[in-house]
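Here is the structure we will look at.
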2 protein chains.
Amino acid sequence: MDDIDSAIVRELQRDARQTNRELARRLGIAPSTCLERVRALRARGVITGYRATVDLRALNRPVQALLTIRIRPLNREVIERFKAFLVSLPEVLNIYVVAGGDDFLVHVAVPDLDRLHTMLMDSVFKRREVVDCRSSVIYQHVANDVIGPLTV
Amino acid sequence: MDDIDSAIVRELQRDARQTNRELARRLGIAPSTCLERVRALRARGVITGYRATVDLRALNRPVQALLTIRIRPLNREVIERFKAFLVSLPEVLNIYVVAGGDDFLVHVAVPDLDRLHTMLMDSVFKRREVVDCRSSVIYQHVANDVIGPLTV
DNA sequence: TTTGAAAGTTAGACAAT
DNA sequence: ATTGTCTAACTTTCAAA
């Protein structure tokens, strides 16, 4: 991971569909060199994939919320089973398994508050391992899409 | 947004770098048609960008945490100023402005717990609008990268 | 809107350094 | 590791349906 690798990672986070030639031109290296670097970064697992990002409003899911969930008993099996359950819910965008008082933080996107309520009542609350669940509507979500190495 | 558009959005979320020909072949349409559809989705703002995803461990940021922050006074100016401050922190991945008891949920990634502690003490706690901050280490983070329309 | 065909660009392989 | 060259594959335009 030298400076060129860092720059490639930064540029491809900014725009994953720019051509290899364009990328090489920006970095001041030959296209074949650039291609080799990108492949190596992918092979080493530094770059894990390329994804289109979408507007949740355009997909009719303008309402976002964060669910704070506690489950019991806290053992591996119950945690893994509940996590798998969350993954299976189409409303779910992100699942954070956290330390501290709460066990799960779940980021969801739904068409409206009705659908959030319905999802909570028909899916989440029915799970017997759930002992507590609070939900907070998200007013705004800002994502930092370009993650760089931290300067020490 | 017909079925073909939905399929395009789904496929490009899965792999944003597949060729237009490949994408067209999967959908059973002509490459020129496919190109036109993708361009329209981008122009309409359904697809907002194309981003490489990275392994946080490979970027030397293996420790993630969620900060729950309350600020006062709660008015637009203070909220916006604090949000801008958070955006400026390189450790920050996601900022959720939420309803309910807490005001901000901040997703951060750092090299180690020392850096988390340092960041909290030297940056966050020094802000006079911060009246409360709890931090939870994230054991696991699962992202649903392919967001589809919700079937009713 | 969708398409096939033509023209212009690019990716990817490879031998040389 | 980096590069220039080459060929196959691809993107993009456009006239026609």
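Per chain, numbering begins at 1; letters A, B, ... match sequence-line order.
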Value in whole Å for how far the [atom2] atom of [N] lies from [atom1] of [X]:
X: Glu22(B); N: dA9(D); atom1: CD; atom2: C1'; value: 13 Å
X: Asn20(A); N: dC10(D); atom1: CG; atom2: P; value: 16 Å
X: Leu27(A); N: dT3(D); atom1: CG; atom2: C1'; value: 15 Å
X: Ile8(B); N: dT1(C); atom1: CD1; atom2: C1'; value: 13 Å
X: Gln18(B); N: dA9(D); atom1: CD; atom2: C1'; value: 16 Å
X: Leu23(B); N: dT2(C); atom1: CG; atom2: P; value: 13 Å

Under 3.5 Å, N/O pairs linking protein and nucleotides 6-9 of chain C:
none

Between [X] (side chain only) and [Y] (backbone N and O only), is there a donor and an acceptor less than 3.5 Å apart?
X: Arg17(B); Y: Ala16(A); answer: yes
X: Arg51(A); Y: Gln13(B); answer: yes
X: Arg70(B); Y: Asp132(B); answer: no
X: Arg61(B); Y: Val108(B); answer: no

> Between Asp2(B) and Arg37(B), is there a side-chain N and carboxylate O pair less than 4.0 Å apart?
Replying inline: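 Yes, charged N to carboxylate O under 4.0 Å.
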> Does a side-chain N-to-carboxylate-O contact under 4.0 Å join Arg134(B) and Asp102(B)?
Replying inline: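 Yes, charged N to carboxylate O under 4.0 Å.
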> Want to settle it: does Ala30(A) or Pro31(B) sit nearer the 5' end of DNA chain D, counting the closest nucleotide to each?
Replying inline: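 Going by which nucleotide is closer to the 5' end, it is Ala30(A).
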>> Using 30° and 60° as the class boundaries, would you call the ring planes of His107(A) and Tyr96(B) parallel, tilted or perpendicular?
In response: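 Perpendicular, since the angle between the ring planes exceeds 60°.
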> For DNA chain D, what residues of residues 32-51 of chain A have any heavy atom nearer than 4.0 Å?
Replying inline: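 Those residues whose heavy atoms fall under 4.0 Å from DNA chain D, taken from residues 32-51 of chain A in numerical order, are Ser32(A), Thr33(A), Arg37(A).
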> For Phe104(B), which residues count as a ring pair (Phe, Tyr, Trp, His ring centres under 6.0 Å) partner, sequence neighbours excluded?
Replying inline: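 Checked Phe104(B) against ring pair (Phe, Tyr, Trp, His ring centres under 6.0 Å); matches are Phe82(B).
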